[in-house]
Amino acid sequence: MSFEPRILGFLCNWCSYAGADLAGVSRIQYPPNMRVIRVMCSGRVDPQFIFEALQQGLDGVYVMGCHIGDCHYLEGNHEAIKKFNMVIKFLSIVNLENRVRLDWVSASEGVRFSELVSEFIQDIKNIGPSPLRRDCPDKRLMEKLKAIERAAASDRIRALVGRERKITEQENVYGEKVSQEIYDELLNTAIHDEYIRSRILILLEKEPKSVKDIAAEIEIDPNKVLENILVLKGRAQVDMSEIVDITPIYVRT
Amino acid sequence: MSKKSDENPRIGVFICHCGSNIGGLIDCKKLAEYSGTLPEVVYSEDNVYTCSETGLNAIKKAIKDYNLNRVVVASCTPRTHEPLFRECIAEVGLNEYLFNFVNIRDQCTWVHMKDAEGAYKKARDLVKMGAARAAKLEPLDKVSVQIQPVALIIGGGVAGMSAALNLNNQGYETHLIEKEDQLGGRLTSLHTLFPSNIDASELLANFVNKIQLAKNLTIYISAKLRKIDGFVGNYSVEIDKAGEIIKLMVGIIIVAVGASLFIPKHMLGYDGKKRITQQELEVILKNNDLNTNNIVMIQCVGARNEERSYCSSVCCMTALKNAIFISNKNPGAHITILFRDLYTPGTKYEAMYRKARELGILFIRYTEKKELKVEENEVRVFNEYLGEEIIVPYDLLVLSTPLIANEDNKALARLLKVPLESNDFFLEAHVKLRPNDFATDGIFIGGAAKWPVDITEAITQGYAAASRASTILSHDVIEVEGTTSYLPEWNKNLCSGCEVCIKVCPYKAIIKNEHDEIEIIQALCKGCGVCGATCSKQAIEIKHFTNEQILSEIYACGGRDVY
Ligand code: FES
């Protein structure tokens, strides 16, 4: 099946946007499926932008910046990588990770720009239309993606990703560095936890529910749900509203 | 920006045909009509050239007639034309940040020439996104910065010396750094100069003399740029002069580092003795050491091939110059030039070619397809016209090799945060509109740092860069972009004090102040936006690239009515 993908690109002003302009000046032709939003630096791309774009039913999102070492703002693209890795981890939960991509294009790489864009368009064509396309979005998937967006916006995730370079690249006061593996483990756990918590919160926002019902809806072990409900209670995000028979019912506060 | 503006957006959209560049592929009239149907758009029109006097007047008139408070122009690229349109709306009293550019030429009609329908749909989406963003734009103030009336020129070759003398003559304190242990750059290795035939050493002496007489012009030889910080008007730099560190505050920087000569190692029997480069020949001529009658020159050695696809532009003339010189001196000499194509542009250079022919210098064309065979005393060249191999004997074989980018260009480009092109020469902001600027304010370029140029052109470009630089140096204060990040009053209560913003800011522009509050120092912030994308509470806003503005573009792009 062939279809015309709709792709959104975030291009940094100094390299990739200039590279895209150069493709134009050199009249290098590529398919017209990508719409571009200009940002000053790839590091400006808030993970939220990517999740929102996917919820809009766009088939792919491309983030482009300067080559490593060339970022106009020194290290903005290093930060972009960290954010992007987090986005990928989250999207893997719902198999959308291959709909987003991060690449570097310099101001002189008009050819590379057009090749990368063409390639991405082709890859997206091969994967097929987004399951969230506007005409018939997969509602369950949409709910999961909403939970992902919320989880990614949590303090815990944002602060962890914001500190990643500091944690893994610099020593702390005791002269220790956290290895990338340990950091990844930390991040994976945080992603997993926060995702489940967001899903619980979203469910409870619709109506009060029991642990069992929640577990059935998000298809995980009730014990795990309870564990997370307790954390959310501790954060004052949920509360017990009543007990029906012997089952406690929780509400969003 | 102190508060969100509360007046309702009234947007005007202007679609530029750019002659036939845009209008030749897509229906601009239809696009303008479509624009008129977009939310908050109260006026739209198409113009043959929106950037022309007529186009600009049309914008101004529409602002008045329709009481517009936001303007969108869909046209070439903001990288060249945004300043013009901003200025235009400012002239009739609109804040210049209430302008939004939509790129439908460089990134649309020029790259989808075979898909007019696809290009139209894309242009339509982009205009829709642009109008959505325009509706969310906020007026901003520009930031005033003081200008240090001091110039730094990197590179003491012809271009650098010309620029330095020019700026110094205009009265600016000027600093010139040269990495070698003497001034002159490529001039030091040349014998005579085309087309005037004056001695290179004479021109060099002339320059050096003027430089020595100049007041307020400091030269640092064996020196390199080590560190740079700051922004236009206020660059603080550190120079490493053979181990000694010198700190300066300068207002502008000119990159005039020139180029290097390609050495044809392992090519065509090059040995630096019997088979040499043109540069080595110049040294022989300079020392009056030439004692041979049979000379063969080969053009385009290591140039215009897959690895180096460009024409070095000076080698044909160098070969002609040297051949003519030798032949004038020794009419009995046999000189043959093997060439692929001969480039002798302009009136003077073509005249030199004619002169060379008159002198009996032989020109034989070779092709890339049939390799030249260099033997101990002869070159075998396949000639397409004759369809057979010609044997040309030689005593001295001279290889014309191209100028290539300096090895340390990469390091310098990274220090300055300016781009290189694919051959590692420096890349200007725009080949026609800003040929001697970098996209970064206050940094300029001239000479062979950009691509191979001859001495005449290097001087011209040195002056050009100097004159561009003086458009900044001549001001005490200039206004720069106000698009920094900040923590809005209404978001202060969101801040949890986690300090990740402080950690990710590359410019140390974010601090915790005496009230224990996050404070962003506007003068240090360059507006990259990383803090905003990182802030754990999304409390930090990036002016002119706010979350709201970017999200509005995303939502407009996601609209269902396309494809
Ligand atoms: S400016 Fe291009 S990635 Fe930072």
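Numbers restart at 1 for each chain; the letters A, B, ... are given by sequence-line order, proteins then strands. FYI, side chains are in, hydrogens and waters are out, and symmetry mates aren't considered; it's all heavy atoms of this structure.
Looking at C71(A), the atoms closer than 4.5 Å to chain B (heavy atoms on both sides) all sit in the backbone: N, CA, C or O. Residue F101(B) does not touch chain A at all, counting heavy-atom pairs closer than 4.5 Å. Only the side chain of P419(B) comes within contact range of chain A, with heavy atoms under 4.5 Å apart. Residue contact with chain A, scored on non-hydrogen atoms closer than 4.5 Å, is absent for T109(B). Both the backbone and the side chain of M113(B) come within less than 4.5 Å of a heavy atom of chain A. In this structure, the portion of L420(B) lying under 4.5 Å from any heavy atom of chain A is its backbone and not its side chain.
Between E82(B) and R38(A) there is a salt bridge, since at least one side-chain N of the basic residue sits less than 4.0 Å from a carboxylate O of the acidic one.
Among all heavy-atom pairs drawn from P47(A) and A533(B), the shortest one is CD-O, 4.0 Å.
How far CG of L551(B) is from CZ of F49(A): 5.5 Å, rounded to the nearest 0.5 Å. Taken to the nearest 0.5 Å, the NZ atom of K526(B) stands 7.5 Å off from the CG atom of L74(A). Taking CG from D106(B) and OH from Y17(A), the interatomic distance works out to 8.0 Å, rounded to the nearest 0.5 Å. In this structure, CD on Q538(B) lies 4.0 Å from CZ on R158(A), to the nearest 0.5 angstrom. Rounding to the nearest 0.5 angstrom, the gap separating the CZ atom in R44(A) from the SG atom in C531(B) is 8.5 Å. One finds the CH2 atom of W110(B) at 11.5 Å from the CD atom of Q29(A) (value rounded to the nearest 0.5 Å).
Partners of H72(A) by ring pair (Phe, Tyr, Trp, His ring centres under 6.0 Å), not counting sequence neighbours, listed by chain and number: W14(A).
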Item to check | Stepwise salt bridge (charged side-chain N to carboxylate O under 4.0 Å, His left out) check, K417(B) with D70(A) | outcome: CA-CA 7 Å; K417(B) 293 289 146 212; D70(A) 291 350; 5.7 Å; no
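Along residues 79-91 of chain A, the residues that come nearer than 4.5 angstrom to chain B, judged on non-hydrogen atoms, are E79(A), K83(A) in order of number.
Between N13(A) and F545(B), every side-chain heavy-atom pair lies at or beyond the 4.5 Å cut-off. In this structure, V161(A) and T534(B) have side chains that are not in contact, with every pair of non-hydrogen atoms separated by 4.5 Å or more. No side-chain heavy atom of V36(A) sits under 4.5 Å from any side-chain heavy atom of N103(B). Here the side chains of R35(A) and C557(B) are in contact, with some heavy-atom distance below 4.5 Å.
For the residue pair T77(B)/D21(A), the side-chain donor-acceptor check at 3.5 Å is satisfied.
Other residues, nucleotides and ligands place no more than 12 heavy atoms under 6.0 Å from the NZ atom of K114(B).
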